[in-house]
Amino acid sequence: MTTYHTLITNNGKAQIANAINTNTKVAITHLAVGDGRGATPAPNATATRLTAEKARVAVNHVGRHATTANWIEVHAIIPSSTGGFTVREFGLYAGTTLIAVGSFPATYKPSATEGGAREMSIKLIIAVENASVVNVTLDDSLVYATRKWVEDNFVNHDEVIDNLTSTETTKPLSAHQGKILNDKITATDAKADTKANQSTTIIAGNGLTGGGDLSTHRTLSLGTPSKITANSTNVAVSNTHSHEIDKASTTIQGIVQLNDTLTSTATNQALTANQGKILDEKITAVNATANTKANQSTTITAGNGLTGGGNMTANRTVALGTPSQITASTTNSVTATSHTHAIDKASTSVAGVVQLNDTLASTATNQALTANQGKALNDNKLDKTGGVLTGTLYAANSGIKAASDNDTGIEWLRDGVVRMIADGRERLIIEHGGTTLKTQDGIKLSLQNDKNLVLYDEQNRPVFSSNAVLSDLAGKVNKAGDTMTGHLAVTYNSDWVGMAVKNPNNQKNGFYDVNIGGVTRGSFQIAHAGNNAYNAIINITPQGDNAEGRIAGLTVSATGLHSHTYGHLHEYFVKTRDDQTIDGNKTFSQEVVTTQANGFRIKNSAKNRSIFWRFDGDVLYLLKTPNGDPNGNWDDARPLEWNVNTNQLVVRGNADTTTRLQTARNIAMTGDGSWNVNFDGSGNAIGVMTLSNSGVTAGSYNSVTVDAKGRVTRGLTQTHGLVTATSATGTTNTATTNTNTFLNIVASGVGQTASVGSSTQITGTNGISVSSDTAGKLIVTRDSNSPTATKLQTARTISLTGAVTGNVNFDGSGNVSLTTTQQGFTQDFAESGYSKLPNGLIVQWGKTPLIPDEGNADIRFPIAFPRGVLSIQLTEDNNTTRNAHASHCIARNANLTGFNFWFNSTLSISTKCYWMAIGY
């Protein structure tokens, strides 16, 4: 519902309903206004009087709306002699009964004694069920005309001309001279000849003939009529005429067209006699076959297993009788009114009914396990997703740890070294926390200082270095810092360019300048404010070239939002500098900036209360004062709290989204594992899950049986090793070649046949050959030495992070270029623009259109705020309201995408405003 609106009271609804039922009128006689006792009251249908009535006047006009039938327009004028109060509410009276009540934008009505007496014209619209039952009763002695209405509708007495000799074209003639003219015309009419002139001619019009002048008798005759057809119309031309004739339909008699088919669905055509003859012949043929139908006395009898039936005098239903229960011993049989079926018994080869078994000891193959026994199996499983083991886990399908240095396998050590061992020899080593990869031949790939990737040959000579590659990127920007002879520019899809600067030193400053036409017009600064705190400052250049350079325009700090303007921006702003302090309370008509804990106060005189921001060094609060105490302290309301230490934002009240639940909830898991954690949405929740016992004794196994849920239900001790073979199924070491070398992990144990757990085929390419001997030794050879290369086998990605980001793929075959993207903040410095600060705060600005008194316009932000709007400020663009006794520029109905700009004034004027919105 809108802020200001009108309601029909219950008494008003009763009077309107009675007027409709009794065919009478409801007479609207007066308009009352009140001040709502200092606050705009919400209209209430049960009201019988205003909250605080200040004046009651007779209505000037009541009438129906020009375009909407159930709307009533009411107009009244509060005279200049009445005043000294603020209008916030109004009511319409029918005699002594309040029939409608409404809220009104707070508008001050001065009195004559205040030196600013003026009339107040109020026009309102109410919606009723039936506007015809509303009448108006006007007291002529109390009806007022506005000065403008009198000026538009009446003429001064001195401007009336009382003669017939004037040639004035812009002044009215007196009633006296009008009477003289009327007397002259009357005398002239009395002398006029009452007979028609003989030269007068009677002309035969369309459809007629004859006629002539009045020198003799004349005859007018109807012309020869034209033929009437189905397409003729009502028309008269020259000496004939025709008529339109109705066309026959199922509801109208008229002319009709014949149809000689039996396929048409037309309802405006008649069937020919020929088709009538055809239909008669068909009816005769149907009657001839009627004797072939069944007699109504024929009976349908329901047999075994069925019910129903009867003779054919009506529709009959034969239904299946109620089936009998099917058991494991029933057969295929029927009775008089029922039947049953034989059913298969379940087995390992046949689907059917089955008996349940609630044990784990039975060997029956024709019974099914109960859910109870299924739960028992589930409770004793080891989940395949993992768990906590007290020893080493040996998997049948992959190597985890070699039993000794003489085994063949893969070994992970606590010092971060991973070794691939064959016949007690290290074939491949990953060491130094995963930064070095080394083969048995001494070829090594190492990541040095987390930046430089170096490849060494067998003699430990470096054959490739990523730093060496980067050094070849002449003219490119190094993310660790560089000296540039030109500008670093980032081009966007607009006319704006920008540069980001990163200061590596803590508690220092950084800035971003915008240079237009060779002159620095503004900048954005991150300035150290002491104690490791930083302020965000937007600098601007005032109108014209300012010899003092950049002037701070807006500072965002932990204590609030501070505006520091200079020059010609607005006469009510105060020029300040960073080395100046404003102590005490200062009152401004626009904005208040303070260094106190109560950082930003907005006082509404009409509402006689204030809201303000308070920052106590740890928590930022949004507070309000009690009603009637705009300069007082805060009350108990805390709609918004932000703890800057924990970055926790508390919003009281229900919201569509939030960062924290008001009441923490417990999330728990049961079944194969148990786990629970308290969760309030303020952060990720982590808990330790405890697996249920699977029934397997804790210990070390290298072969386990895992069920469908991943639980270990059986453990075996086996030996396993890595062998070379000529096929994926080989279980012993054999000599291989480059095309048939397989590495198979073979497992064997007591009473177990050796089996291949997993197999990998290795084939060398690009001059590399792979083979093995009968002892399982893996041999890797190559055609020639490659101390250097022109291209990497695997292309790598080179990335920049920090204030400038970007990445490019590089394989060493040629130089590459890196496109960078500026990080930290974005902006659009247009007339309607925005700036996104690194801390998430967004500042947007723009200009409203010119709107008239009582007008409004929807304003759309250049970009939508992601989460909320904190403040919207309006600054008038001209001085059109300076002479007005009161005017209001209001930003209302604010949301994430915009707001509604509303303006009213005591004068009929128009205005426009600059606006600035802050949100996140």
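Heavy-atom basis, side chains included; hydrogens, waters and symmetry copies ignored. Throughout, numbering of the chain's residues begins at 1 and tracks the sequence.
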Check your understanding: What do the steps show when you test Leu622 against Trp642 for side-chain contact (heavy atoms from CB on, under 4.5 Å), and what is the final call?
Key -> CA-CA 9 Å; Leu622 177 62; Trp642 175 33; over 6 Å; no

So which atom in [X] and which in [Y] form the shortest heavy-atom distance, rounded to 0.1 Å?
X      : Y      : value
Ala302 : Gly308 : CB-O, 3.6 Å
Thr359 : Ser362 : OG1-N, 3.6 Å
Ala328 : Val353 : CB-CG2, 4.5 Å
Ile798 : Phe810 : CD1-CB, 3.7 Å
Thr731 : Val746 : CA-CG2, 3.8 Å
Asp680 : Ala664 : CB-CB, 3.9 Å

For the residue pair [X] and [Y], establish whether any side-chain heavy-atom pair is separated by less than 4.5 Å.
X      : Y      : result
Ile326 : Thr340 : yes
Pro323 : His339 : yes
Thr781 : Ile768 : no
Tyr920 : Val869 : no
Leu661 : Ser682 : no
Leu640 : Leu649 : yes

[X] [atom1] to [Y] [atom2] distance, which is reported to the nearest 0.5 Å:
X      : Y      : atom1 : atom2 : result
Leu262 : Gln275 : CG    : CD    : 4.0 Å
Thr348 : Asn366 : OG1   : CG    : 9.0 Å
Thr760 : Asn744 : OG1   : CG    : 8.0 Å
Ser769 : Ile779 : OG    : CD1   : 11.0 Å
Ile300 : Asn311 : CD1   : CG    : 9.5 Å
Leu360 : Leu369 : CG    : CG    : 6.0 Å

Check your understanding: Would Asn44 and Leu7 satisfy side-chain contact (heavy atoms from CB on, under 4.5 Å), going step by step from the backbone distance to the final call?
Key -> CA-CA 7 Å; Asn44 192 332; Leu7 286 180; 5.9 Å; no

Within the side chain of [X], is there an N or O that forms a donor-acceptor pair under 3.5 Å with the backbone of [Y]?
X      : Y      : value
Ser347 : Ser349 : yes
Asn643 : Asn647 : no
Thr741 : Thr737 : yes
Thr330 : Thr327 : yes

Counting only heavy atoms not in [X], do more than 12 fall under 6.0 Å of its [atom1]?
X      : atom1 : value
Met669 : CE    : yes
Glu281 : CD    : yes
Lys282 : NZ    : no
Asp636 : CG    : no
Asn684 : CG    : no
Lys345 : NZ    : yes

Between [X] and [Y], a side-chain donor and acceptor under 3.5 Å:
X      : Y      : value
Asp358 : Thr370 : yes
Arg316 : Thr313 : yes
Asn738 : Ser771 : no
Ser338 : Ser324 : yes
Thr797 : Ser799 : no
Thr713 : Asp707 : no
Ser772 : Thr736 : yes

Point to revise | Residues Asn733, Thr774; criterion side-chain contact (heavy atoms from CB on, under 4.5 Å); working and verdict | key: CA-CA 5 Å; Asn733 289 319; Thr774 56; 6.0 Å; no

Check your understanding: Given Thr732 and Val723, is the side-chain contact (heavy atoms from CB on, under 4.5 Å) satisfied, shown in steps?
Key -> CA-CA 6 Å; Thr732 58; Val723 302; over 6 Å; no

